Amino acid sequence: MDRKLVKQKSEYRWIVERAGAMKVDGVIFASESLIAGMDNKVVEQVRNVAALPGIVGASYAMPDAHWGYGFCIGGVAAFDPDAGGIISAGGVGFDIACGVRTLHTGLKLRDLEGRHELLADLLFRKTPAGVGSTGRIKLRPAQLDEVLANGAPWAVEHGYGLPDDLRFIESGGRMPGANPAKVSDLAKQRQAEEMGTLGSGNHYLEVQQVVEIYDAEAAAAFGIEPDDIKISIHCGSRGLGHQVGTDYLKSMASCARQMGIELPERELACAPLSSDVGQSYLGAMRSGINCALANRQILTHLVREVFDEFQRSAAIRLLFDVSHNTCQEETHTIDKKPRRLFVHRKGATRAWGPGHPGLPAEYARVGQPVLIGGTMGTASYILVGTAESEHMGLSSSCHGAGRNMSRTAATKQWNGKDIARQLAGRGILIRTRSIRGVAEEAPQAYKDVSEVVEVSHNQGLARKVAKLVPLICIKG
DNA sequence: ATGTCC
């Protein structure tokens with residue numbers, strides 16, 4: 001990055017000073033080396049978002065930020081509906097409510113001894129993965145509307161999971177205010193056979209080993225001990241979310257044009273929260289959130305089926321489920337006054353601090369689990385939300401490693417088979433239906449997740465609780 | 001991310 005674009009305010013906080021059409025400053029949380037590796041495009045996108053109507057506070061970028069459609073990935077921005085604030089499909093991302101769910105298994109590393117290949121094969125056989133993959137559930141539009149209105153509780157009611165699972169999902173697994181009537185028939189058609197599927201790209205289902213504990217109190221509250229076997233699922237709202245994004249990008253572009261909102265990039269398209277298009281998107285996006293929450297719930301049930309076969313003594317329970325592509329209505333204190341805002345987090349994780357009323361009782365004293373997915377070859381982290389994060393980036397943290405290379409560049413540089421072989425040599429088993437996908441997702445195509453997490457921790461956006469390394473990765 | 005360009 002060109003250093004003239006930012007002003008360093010403290011070790012991990014860089015300001016993009018308000019200029020031109022910007023209504024607020026930009027704030028980038030990063031270390032010296034992450035800033036050095038960040039594209040100038042991140043600054044440009046932070047600036048563009050800062051110029052949108054009704055933005056409040058600042059336009060933020062998390063340490064894993066990189067270029068995205070309209071808003072950068074790793075972008076956080078809040079808008080006030082009573083001050084002309086907007087909502088943007090590109091500010092949520094095309095994979096609505098893409099997120100991470102981590103499961104306890106009740107097993108230790110020694111319980112898998114000599115059976116890693118078997119578990120990999122069982123999980124791969126059971127988990128539909130890859131572009132266009134379909135699941136065992138076929139839904140007519142009216143049935144899909146129930147999924148979109150009810151989220152994970154729909155899945156539990158239909159036999160996919162346990163009622164207690166719901167307490168460990170953001171918003172109890174159901175985002176209120178969903179309006180399935182605002183989701184196009186095409187979006188529903190695309191989703192008809194895709195419930196309970198992983199998808200492709202950076203999505204995965206991983207068997208992980210806890211290798212390090214940083215915060216004993218939070219780890220105890222979350223139920224994390226060294227050598228625990230956990231399972232993490234990273235996926236979202238599949239074809240439905242993507243189609244909702246596509247549909248509303250178009251209607252928002254024409255709405256913005258009519259409202260005279262200047263759009264430096266087409267994907268920055270947005271609509272006032274008070275407008276019909278804005279309200280329709282809100283109802284459709286919330287349907288997409290429920291779709292993703294139900295999807296991860298069904299995948300959890302499939303994991304339970306695998307463990308019924310693999311190891312009957314296993315107990316699959318939820319640690320937590322949190323999305324990192326959303327726009328949520330939240331109250332934040334701005335200039336000492338509480339305000340009702342619509343917070344876009346695109347590739348950023350909500351990170352509530354201790355005592356937040358929305359937390360399950362078990363976690364109330366320590367704060368919200370913040371699930372950070374790494375790459376196939378590095379590590380994932382579990383962090384915990386802090387009180388001070390509220391005043392830094394609206395209680396937000398990083399969401400993963402963040403790419404530092406495009407998918408096409410990665411496929412030119414590496415061969416998927418070689419990557420899988422190298423990982424197998426390190427005891428990490430990959431199962432995939434797309435070997436090209438493995439090249440696209442090569443660990444080397446990402447920033448250093450440990451560095452990203454270290455910045456989040458040192459800055460206080462969220463604090464480190466545990467480090468997990470992959471043993472088995474079912475790639476989308 | 002994605003029926004990887006209706």
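Only a predicted model underlies this, so the values are computations on that prediction, with no experimental measurement involved.
Rounding to whole angstrom units, CZ of residue A:Phe94 and P of B:dC5 are separated by 12 Å. A:Asp247 has its CG atom 13 Å from the P atom of B:dC6, to the nearest Å. Atom CD in A:Gln191 sits about 10 Å away from atom P in B:dT2, given to the nearest Å. B:dC5 atom P lies 14 Å from atom NZ of A:Lys250, rounded to whole Å. Rounded to whole Å, the distance from NZ on A:Lys475 to C1' on B:dT2 is 15 Å. Taking atom CD on A:Glu441 and atom C1' on B:dT4, their separation rounds to 13 Å, with Å as the unit. Going from atom CD of A:Gln243 over to atom C1' of B:dC5 covers 13 Å, rounded to whole Å. Rounded to whole Å, atom C1' of B:dC5 lies 15 Å from atom CG of A:Leu249.
Among the protein residues, A:Thr246 comes within range of no part of the nucleic acid, since none of its heavy atoms lies under 4.0 Å from any strand. Note on A:Gly199: only backbone sugar-phosphate atoms sit closer than 4.0 angstrom, heavy atoms only; bases stay farther off. Residue A:Leu186 is classed as a base contact, given a heavy-atom separation below 4.0 Å to a base. Among the protein residues, A:Glu194 comes within range of the sugar-phosphate backbone only, with heavy atoms under 4.0 Å from sugar or phosphate atoms but none that close to a base. Counting non-hydrogen atoms under 4.0 angstrom, A:Arg436 reaches a base of the nucleic acid.
Ring planes of A:Trp352 and A:His356: parallel class, angle under 30° (limits at 30 and 60°). Using a 30° and 60° split on the angle between ring planes, A:Tyr160 and A:Trp154 fall in the parallel class, below 30°.
Along DNA chain B, the nucleotide closest to A:Glu440 and the one closest to A:Tyr69 are compared, and the more 5′ of them pairs with A:Tyr69. Toward the 5′ end of DNA chain B lies the nearest nucleotide of A:Asp95, the other residue of the pair A:Ser434 and A:Asp95 mapping further downstream.
In summary, the side chains of A:Ser389 and A:Ser395 do not present any donor paired with an acceptor at a separation below 3.5 Å, with no hydrogens or angles considered. Neither side chain, A:Thr326 nor A:Arg345, offers a donor N or O lying under 3.5 Å from an acceptor on the other. A side-chain donor from one of A:Thr197 and A:Arg238 sits under 3.5 Å from a side-chain acceptor of the other. A donor-acceptor contact closer than 3.5 angstrom is absent between the side chains of A:His66 and A:Asp39. A donor-acceptor contact closer than 3.5 angstrom is absent between the side chains of A:Gln243 and A:Ser184.
Taking side-chain N and O atoms only, A:Arg407 has no distance below 4.0 Å to OP1 or OP2 of B:dT4.
Shown for residues 126-144 of chain A: residues whose heavy atoms fall under 4.0 angstrom of DNA chain B, namely A:Val131.
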